[in-house]
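Convention: sequence-line order gives letters A, B, ...; per-chain numbering from 1. We use all heavy atoms of the structure for the numbers below, so side chains are in, but hydrogens, waters and symmetry mates are not.
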Amino acid sequence: MLKKSGILIAALMVGAVPLTQAAARDLVIVSNGGTFQEAQHNAIFAPFAKKTGKTVVEDTWENGIGVLRTKVEAGDSGWDIVIAESEELQIACQEGLLLPLDFSKLGGEENYVPGAVSECGVGAAIYNHVLAYDKSKISAPPSWADFFDLAKYPGKRALRQSPKTSLEFALMADGVAPADVYKVLATPEGVDRAFAKLDTIKPSLVFWSSGGQPMQLLASGEVVMTSSFNGRVTNAINKDKKPFGIVWNQSLQTVDSWVILKTSPNADAAYDLLKFAGEPEPQSHLPEVQPIGITSAKAFDLIDPTLRADLPTAPENAKNVLKINDAFWIDNIDALTARWAEWSAQ
Amino acid sequence: MAANYNPFQGARGSMWRSYALIAPLFLFLMGTFLLPIGMIGWRSVADPEMRAALPATAAILSNWDGRGLPAAAAEAALVQDLKNVDRPRLASLSRRLSYEDPGFRALLQSTRRQVDAGATGALKTFNVKWAENATWQAMKRAAGPVGAYHILSAVDLKQNYETGIGPSRPDGALYRSILLRTFTIALTTSLITLMLAFPLCAFLLRQTPRVHNILLLFVLLPFWTSILVRTTAWLALLQDRGVINTLLMDLGLIDSPLKLLYNRLGVIIAMVHVMLPFMIFPLLGSMRSIDPRIYRAALSLGAHPFYAFRRVYIPQVMPGMMAGMLMVFVVTLGFYITPMLVGGPADQMISYYIALFTTSTLNWGLASSLGLILLSLTLLLYGLQSVFVRGGVGAR
């Protein structure tokens with residue numbers, strides 16, 4: 001009898017724990033860790049907690065639509081706000097994993113730069129795939145056309161081991177205006193043209209897979225130019241004092257966004273935090289740890305002037321930039337990845 | 001009491017107790033081994049998106065023979081299904097059909113818009129693609145709930161209902177060549193490790209125990225070091241301005257750096273280094289257990305040293321060689337990080353593509369199929385090897 005009631009109590013407790021948790025669970029925000037999250041913690045999470053007296057619990061993840069699916073599948077699993085890459089945002093939104101956002105609760109769409117507003121996500125960080133070069137070997141900033149010109153600048157070059165970004169760069173080097181790149185790439189002739197352009201420098205190409213490799217390749221003298229995430233280049237120049245240059249012209253831009261999971265029991269608190277995250281003052285502190293492009297339309301002038309020149313959102317850097325077309329890549333990634341694998345193995 | 005006496009109670013009790021003892025291991029194996037492999041197997045044949053999004057159309061297309069155009073009932077079912085389908089399901093289906101043709105999302109969405117707007121008439125007046133056999137065939141291949149589409153794709157084949165099974169891509173076999181590449185790299189690595197490990201083991205056994213142990217430590221130390229660290233060390237050694245090229249250029253032996261990195265040579269060098277201990281230990285074990293007097297007896301009976309080596313010594317170390325080869329070969333088949341860091345795009349092995357399709361392009365059907373094929377081929381080779389070794393032993 002004693003045993004039975006013990007089991008009963010245990011069962012009640014097990015049953016009761018999720019209930020109390022669901023009612024009083026703290027707001028959980030999930031970002032990518034590292035200096036990126038450190039910047040967000042200093043600029044947004046900590047000031048928000050201080051201002052509102054609410055607890056903000058932080059977690060990290062390394063992206064992947066599979067993780068989002070699992071998190072939503074079985075109801076609330078402990079995450080409220082998550083940072084998502086642009087393709088994840090699109091796919092997860094279409095699959096109904098995310099809460100469609102009401103921008104009137106986030107300070108209005110006009111509060112944000114144009115690329116930062118989407119159905120289920122609000123922009124958190126803007127960054128670019130840029131051309132980085134070794135100033136000790138190349139005197140003037142090269143263009144993507146120069147990247148493909150072995151006679152003008154001899155030496156090896158590095159590109160990301162992926163058709164995404166590489167095909168866009170090849171077309172721009174071949175004279176396609178940024179605005180027309182995806183129109184051209186949507187045709188079979190356009191794809192052939194991009195691969196033909198890549199063929200011209202194929203023996204001199206090295207490929208990178210993880211974000212740290214391009215700066216290592218450049219620093220070791222293995223390559224003279226490479227594509228890279230802009231933050232890595234700026235850190236190499238400012239922190240490691242490397243003689244590298246960064247070319248913003250014809251760079252490719254993408255946005256990471258905050259999303260609220262459909263299963264979040266804290267949607268109101270999540271809106272509060274995201275509204276705060278979109279305000280100019282907190283945003284202006286984001287670039288202090290890492291050159292993160294900010295998404296508030298009004299915050300740029302508040303940023304420490306010494307940091308502005310390194311940001312993707314600086315007016316002089318944003319002049320001739322192409323936004324990566326996620327819808328195009330969601331539809332074409334399979335066919336073009338197969339073609340890329342074939343091409344690179346030949 | 002006596003009526004309840006059961007002479008087998010004690011025995012049964014201890015049987016249950018021993019089952020209970022192995023239960024944790026059994027559950028662990030179930031959870032970490034059988035279940036995931038079962039899931040991979042299921043994912044490689046499951047094709048659920050079409051059934052979920054367009055159930056009536058899928059049912060009709062399953063019964064259609066795939067020739068020409070399906071009956072008018074299919075069009076009517078499609079129109080009805082498109083009216084009912086919710087957005088998440090249509091998105092999943094578009095994704096699935098984009099494996100065959102990137103234009104499917106646009107086709108389905110524009111057709112749905114027209115259906116919602118109240119358009120009537122034959123579907124081909126909405127979009128000419130609906131008058132093409134290829135469009136309907138692609139949908140039939142996806143009709144599910146299970147199908148061979150992913151498995152066939154993983155060996156570059158595709159079922160065409162009019163012409164039979166044929167190549168899935170006009171420009172050649174991609175995944176078959178990647179599989180072949182994977183097996184070639186694994187075989188090359190195992191042969192080279194054998195050639196390096198054999199003299200080393202023979203040398204080690206001739207040393208005094210003290211020297212033997214010190215030398216063995218040089219084998220063990222790298223073995224205890226992370227693969228990532230060792231691979232990165234090879235980057236520093238092999239790059240254009242790395243230790244080896246700088247040394248050779250300073251000595252005046254070469255004028256321009258040798259290409260040692262981002263090609264097959266670099267991959268093989270780094271992999272042989274990583275895998276060497278896996279060959280050394282089984283080989284050393286089997287060499288140590290051999291009685292050296294047998295070889296000497298062969299010599300004293302007049303055998304030529306090479307003949308004695310080939311006919312007397314080698315057969316005795318064969319089990320160790322085979323165990324080492326198999327270990328190196330199977331582990332090498334699954335290599336991911338080493339080719340990714342020191343190899344070029346033409347040196348990436350099958351696991352690179354499995355990871356790419358799992359995490360980046362999210363084509364889990366193809367990833368599972370490639371994994372399943374790799375697993376089956378490995379098991380097949382393992383079976384062949386054990387038959388070969390048993391046959392070899394029996395022949396003696």
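Using bins of under 30°, 30° to 60° and over 60° for the plane-to-plane angle, the ring pair A:W61/A:W79 lands in the perpendicular bin. Between B:Y353 and B:Y175, the angle of the ring planes goes over 60°, which puts this pair in the perpendicular group of the 30/60° scheme.
With a 4.5 angstrom heavy-atom cutoff, A:D331 touches chain B via backbone and side-chain atoms both. Heavy atoms closer than 4.5 Å to chain B are found in the side chain of A:Q213, but not in its backbone. Residue B:L356 touches chain A through its side chain alone, counting heavy-atom pairs closer than 4.5 Å. In this structure, chain B has a heavy atom under 4.5 Å from the side chain of A:I91, while its backbone stays farther away. Neither the backbone nor the side chain of A:L205 comes within contact range of chain B; no heavy atoms are under 4.5 Å apart.
A salt bridge links A:K156 with B:D240: the closest approach of a Lys/Arg side-chain nitrogen to an acidic carboxylate oxygen falls below 4.0 angstrom. Between B:D116 and B:R113 there is no salt bridge, since no side-chain N of the basic residue sits under 4.0 Å from a carboxylate O of the acidic one. Classification of A:E87 and A:K164 as a salt-bridged pair holds, one side-chain N sitting under 4.0 Å from a carboxylate O.
One side chain, B:N160 or B:Q137, offers a donor N or O that lies under 3.5 Å from an acceptor on the other. A donor-acceptor contact under 3.5 angstrom links the side chains of B:T338 and B:T231, judged on distance only. Looking at B:W130 and B:T111, their side chains do bring a donor and an acceptor atom within 3.5 Å of each other.
Side-chain contact between A:I83 and A:S257: absent, with no pair of heavy atoms (C-beta onward) separated by less than 4.5 Å.
Geometrically, A:R69 engages B:W364 in a cation-pi contact defined by less than 6.0 Å to the ring centre and at most 45° from the axis.
The distance between the ring centers of B:Y262 and A:W208 does not fall below 6.0 angstrom.
Nearest approach of A:L185 to A:A194, heavy atoms of both residues: CD1-CB, 4.3 Å.
Listed by sequence position, B:R87, B:P88, B:A91, B:S92 are the residues of residues 85-94 of chain B in contact with chain A, using a 4.5 angstrom heavy-atom cutoff. At a heavy-atom cut-off of under 4.5 Å, chain A is reached by B:R95, B:S98, B:Y99, B:P102, B:R105 from residues 95-105 of chain B, listed in order of number.
Annotation: maximal heavy-atom pairing with chain B below 4.5 Å, among A:G96, A:A335, A:S210, A:S220, occurs at A:S220.
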